[in-house]
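For reference, the structure discussed in these notes is given below.
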Amino acid sequence: MKFIKPKNTNADKVDWLISERTQAIVKYYAEYTEYSESEVADKFLQNILDDKDFIKWIEQKRNNKRLIKQMEIEDMVKVKSIG
């Protein structure tokens, strides 16, 4: 038996503008996957964390601890300790 995992989405409404084409892609992909459009967008946008250069950029930012915690990527970055 497989148990159902909670979604644990702390979602906020955002005010972004996206093209009609992108809206249609998300709409039909959501229909195909049987997820909501919001869930589809959320899952795809999290793929940004696969960008190694983005992770390197985060590692190099000064005082990046709040940013790392906010994005919940502690296990993906090498945090430089001082001292």
Side-chain angles (χ1 to χ4, degrees):
M1 175 182 193
K2 293 187 178 183
F3 295 101
I4 299 170
K5 301 286 185 196
K7 288 185 180 182
N8 292 331
T9 54
N10 296 327
D12 290 328
K13 198 169 203 167
V14 294
D15 186 26
W16 292 344
L17 299 175
I18 58 173
S19 69
E20 289 181 9
R21 178 177 183 239
T22 301
Q23 288 175 352
I25 292 168
V26 171
K27 176 183 175 184
Y28 293 118
Y29 197 78
E31 186 178 322
Y32 164 70
T33 61
E34 298 181 1
Y35 282 96
S36 71
E37 290 178 27
S38 296
E39 289 171 312
V40 167
D42 187 60
K43 288 178 185 298
F44 271 110
L45 288 172
Q46 288 184 30
N47 288 330
I48 290 172
L49 296 175
D50 292 335
D51 183 342
K52 303 286 187 226
D53 291 331
F54 179 54
I55 299 300
K56 283 181 194 174
W57 178 80
I58 291 170
E59 290 173 345
Q60 294 171 356
K61 283 192 68 68
R62 188 173 183 181
N63 300 323
N64 62 6
K65 290 181 183 177
R66 181 179 54 90
L67 184 132
I68 291 168
K69 185 176 181 184
Q70 204 174 28
M71 294 194 317
E72 299 176 7
I73 57 171
E74 291 90 350
D75 57 333
M76 297 178 73
V77 296
K78 299 173 194 155
V79 179
K80 296 175 186 164
S81 58
I82 300 172

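Both backbone and side-chain heavy atoms feed into the values below; hydrogens, waters and symmetry mates do not. Here, residue 1 is the first one in the sequence, and each next residue gets the next number.
Applying the side-chain hydrogen bond (donor to acceptor under 3.5 Å, both in side chains) criterion to Q46, with sequence neighbours excluded, gives D42. Qualifying side-chain contact (heavy atoms from CB on, under 4.5 Å) partners for K56, counting only residues two or more places apart in sequence or in other chains: D53, E59. Not counting sequence neighbours, the partners of S36 by the side-chain contact (heavy atoms from CB on, under 4.5 Å) test are S38, E39. In this view, M71 and L49, F54, I58, L67, I73 satisfy the side-chain contact (heavy atoms from CB on, under 4.5 Å) rule, not counting sequence neighbours. Every residue two or more places apart in sequence or in another chain that forms a ring pair (Phe, Tyr, Trp, His ring centres under 6.0 Å) with Y29 is listed here: Y32, F44.
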Solution key, residues 12-28 side-chain donor-acceptor pairs under 3.5 Å, sequence neighbours excluded:
residue, atom, partner, partner atom, Å
S19, OG, T22, N, 3.1
S19, OG, T22, OG1, 2.9

